[in-house]
Amino acid sequence: MANPVNPLDPDTYDPPLAGVRILDLSRGPMTAVGRLLADLGAAVTQVHLHGVTEKPAEPLGIGVDADSVAIAINRHGIPTVVLDPAAPGDQRRWVQLLAGADILIENTAPGSLAEKTLAAHNIHAEHPSLVILSISDFGRDTSYRGWQATTPVLHALTSELSRSGIPGREPLVPPAAQLPYHAAAAQAAVMTVSVYLDRLRTGEGNLIDFSILDGAMQTLDPPYGTAGTASAGVALSAQRRDWKAEQLRYPIIACKDGHVRICLLAKRQWHSMFKWMGRPEQFADPSFDRLRVRLSSPELMAAVGRFCAGQTRAELEIAGQRHGVPTAAVLTLAETLGTEQVESRGFFHEVELAPGIPAPVPAGVVEIDGHRAVAPPRSERARRIDVAPILAARGRRNEGLPLEGVRVLDLGVIVVGSDTGRLFGDLGADVIKIENSAFPDGLRGNLTAMSQTYGAGHRNKRSIGIDLRTPRGRALAHKLAALSDVVLTNFKPGVAETLGMDFQSLRELNPGIVVVDSSAFGPTGPWAKRMGYGPLVRAAAGFTDLWVYPDEPESFCDTVTVYPDHVAARIGVLGALGLLLRRERTGTGGSVSVAQSEVMLSHLAGEIAADVMVRRGHEPSVQPAHDAPWGLFPAAGEDRWLAVTVRDDADWCALCAVIDRPDLGADVRLRTRTGRDAHRGRIDEAVRAWSSQRPAAEAMDLLQAAGVPAGAVLRAVEVAEWDYYVQRRAFREELHPYADEPFTMENVQIHSDRIADPPLLQAPLLGEQTREIAAELLDMDEAGIDELIAAGVFEVPQRAQPAGR
């Protein structure tokens, strides 16, 4: 093993995935997977294989548009190899490339000649140590394998659209044209690197059947995952769009020069707001201490509105932060990019996306050891490794899970915290959640019962109750850290340092430790210590301002979603897995910092760069942004909708046949994308007349059978019952002993022959495994454990009654 290096020394910074060799045959928006891995240091090579992939287009060759710019960003700095397997020399080189690669990424269309020509299963058989990520819209193992997706279709079938928009109107597609693909790419990258890490222990590769729809559903805003305050307490079966009620949950208040968003989630935050407003007698009743009362009080929100009306956004932000009231200005994207926070963080840097065409692009979506994780110059500075000496020496349970033998200390809270640890647990790691009833996880709600959202976010974890405010508690936590591989935190900046659970402190105890820190705006910059819930981050990052109906700038519709928490969790896990891989080479750990606001901005990178390029004088694309039709159309039934999207002439002809409109198909004015765009209103009316007479699912089936991407807008309660998800084994039911009814939980994370479903360990009560962990890992006897419980250092569950009693 190489001599350990100091990961904080910039001269010895070692990108986590340096030495990992990846062949990338993917095309389109899922090239985002390769970008994520390249930025972490992997040597990614784009391969054009004749008969399998389309020849790479010249970047930005036909004008500037957000989608093509996004692809150019994904491919920046990645070399291309062009091969024709029919030529003997190229065939030999292809075999040599496969033999030297660690990971292969491909997204041939299921059932296509390209899929048959590539023959991924044959490659897997001939190169058994290779990890193959096989990407498709709907997976390759179900009767839906031939279906096709677009951004609106993915949003519809994940249930996101059932929570976006104003009732009575078409659902509102969220901003960021490739958002579902970015979310899915983060999931795909995590699963791929976890399987590769396991390959270094076992010598066996794998073929992963990855569905973009699955990845988007699990990572964007999962209907059965951890939920934010805006939907907590509302049964999935009762969730409907209710724009007026949503405005009370994370309210957006008009002020002198725009809008601010204020979050009054905790009782202490309400008390601070009450004091800030001058203690109005109308709201002095103690009932306002209850969140449900505040969320259902239009009078309170009206009073807050009057209070804010005469003040500017900046004044309200400063005063709100000073009073301990989470407050953020609703910024435009341009305003966000001009903030001192973005500029001081150095999130964007200028690169040439094409010869002579520079643009600002993200300088890596995470920080590793304080460095931006941006693709380094290709070099062989890090040797390739074929085994994982540290993890391979550990015992395995042989349960078919890639992270068996990895131990994680989870100090994370709320959604991003819960999901980060849960992903490790689902993949086989021993995840120990440290918590205390004086500062319970905000998702718990009740310390003696179990909710769906807490059960979803904290399954496959054990809980130890430790009071980290006490010296003895911190010493015990440090002892656990010395026995662990990863520590997860998402405290407000400065708290981890105070508790001695930051990377600088922990690396003194355990040089191999990997520490993940997630925060709203990052650990540095003028906003570093801001209180930042997801809704505040969306407002400050320009996302809320974009999530509106066209030409209706105040129709903000982002309230119910918990984006970007779930995808930010994947980015944190990806960084941690990368550092575990690096530890196998260097013997030392490292730190990962994730800024949720920067995760969002990375998803808008194509739009941001395209706008800058056009303003600098580059020609915009002459093609319409979308073909026609493209959007949401009413279906039979109350508030039922259907996403219908045409991508090209073939889709258009198929659509005309399905809706029985040969007159449209024969109209010469509609035979091109430009022509259809010019007559979009007429086309939309024809689709609307057809779709409104049919159930959304029936219309979707007819269109998909003809090759037209379409998707019924599923409600959350319908997702688990839809046949596609049933065939993919996406969900399972669990009956928790401290819940009144069964929970529907996500199930399969990785579809492959070697990886098992997630374990069945149910979410714990606070301190439920305190005695078990203290005896097993802290080498304590019952008397010692009892003494620490009596002293308040340890905590065990409060008295709880099983459900139904």
Side-chain angles (χ1 to χ4, degrees), residues 1-20 36-42 189-190 193-194 196-197 200 345 363-376 381-385 388-391 403 405-412 420-421 423-424 429 478 480-491 493 496-497 500-519 522-524 568-595 598:
M1 186 184 303
N3 292 328
V5 300
N6 180 358
L8 297 183
D9 182 347
D11 294 329
T12 58
Y13 171 63
D14 189 355
L17 297 185
V20 178
L36 288 170
L37 301 178
D39 281 349
L40 287 172
V190 167
V193 175
S194 69
Y196 174 63
L197 181 61
L200 295 179
R345 294 274 299 154
V365 74
V366 296
E367 292 172 292
I368 302 294
D369 304 330
H371 300 264
R372 281 286 174 193
V374 63
R381 62 178 291 187
R383 64 183 178 88
R384 180 185 180 190
I385 58 174
I390 296 174
L391 291 178
L403 299 186
V406 174
R407 179 171 294 125
V408 177
L409 284 191
D410 182 5
L411 284 80
T420 307
L423 284 163
F424 276 103
H478 285 165
L480 289 174
L483 300 171
S484 299
D485 301 288
V486 179
V487 173
L488 309 176
T489 71
N490 65 323
F491 298 118
E497 290 83 354
M501 298 303 289
D502 60 304
F503 176 62
Q504 293 280 18
S505 302
L506 295 178
R507 65 192 290 260
E508 299 297 324
L509 304 168
N510 180 354
I513 200 70
V514 171
V515 177
V516 179
D517 169 54
S518 178
S519 61
T524 62
R570 270 74 179 174
I571 297 297
V573 173
L574 178 61
L577 293 174
L579 286 176
L580 289 178
L581 278 167
R582 189 182 72 178
R583 188 179 67 171
E584 299 295 338
R585 292 190 285 104
T586 67
T588 58
S591 67
V592 182
S593 291
V594 182
E598 292 171 356

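In this chain, residues are counted from 1 in sequence order.
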Counting C-beta onward and ignoring hydrogens, is there a side-chain heavy-atom pair between [X] and [Y] closer than 4.5 Å?
{"X": "Val573", "Y": "Val193", "value": "no"}
{"X": "Ile368", "Y": "Val592", "value": "yes"}
{"X": "Leu411", "Y": "Val487", "value": "yes"}

Heavy-atom closest pair, residues [X] and [Y]:
{"X": "Val190", "Y": "Arg570", "answer": "CG2-O, 3.3 Å"}
{"X": "Ala388", "Y": "Glu584", "answer": "C-OE1, 3.0 Å"}
{"X": "Arg345", "Y": "Glu598", "answer": "NE-OE2, 2.9 Å"}
{"X": "Tyr196", "Y": "Val20", "answer": "CE2-CG2, 3.8 Å"}
{"X": "Gly412", "Y": "Asp410", "answer": "N-OD1, 2.8 Å"}
{"X": "Gly41", "Y": "Pro376", "answer": "CA-CD, 3.9 Å"}

For the [atom1] atom of [X] and the [atom2] atom of [Y], what is their distance to the nearest 0.5 Å?
{"X": "Thr586", "Y": "Ile385", "atom1": "OG1", "atom2": "CD1", "answer": "9.5 Å"}
{"X": "His371", "Y": "Ser591", "atom1": "NE2", "atom2": "OG", "answer": "8.5 Å"}
{"X": "Leu579", "Y": "Asp485", "atom1": "CG", "atom2": "CG", "answer": "12.0 Å"}
{"X": "Leu17", "Y": "Leu574", "atom1": "CG", "atom2": "CG", "answer": "7.0 Å"}
{"X": "Glu497", "Y": "Asp517", "atom1": "CD", "atom2": "CG", "answer": "8.0 Å"}
{"X": "Phe424", "Y": "Leu403", "atom1": "CZ", "atom2": "CG", "answer": "6.5 Å"}

Can a donor-acceptor pair be found, under 3.5 Å and without considering hydrogens, that links the side chain of [X] to the backbone of [Y]?
{"X": "Asn490", "Y": "Ser519", "result": "no"}
{"X": "Arg583", "Y": "Gly590", "result": "no"}
{"X": "Thr489", "Y": "Phe491", "result": "no"}

Does a salt bridge link Asp369 with Arg582, judged by any charged N lying under 4.0 Å from a carboxylate O? yes

Audit row: Leu391, Leu200, side chain to side chain contact (heavy atoms under 4.5 Å, CB included) steps and yes/no: CA-CA 9 Å; Leu391 291 178; Leu200 295 179; over 6 Å; no

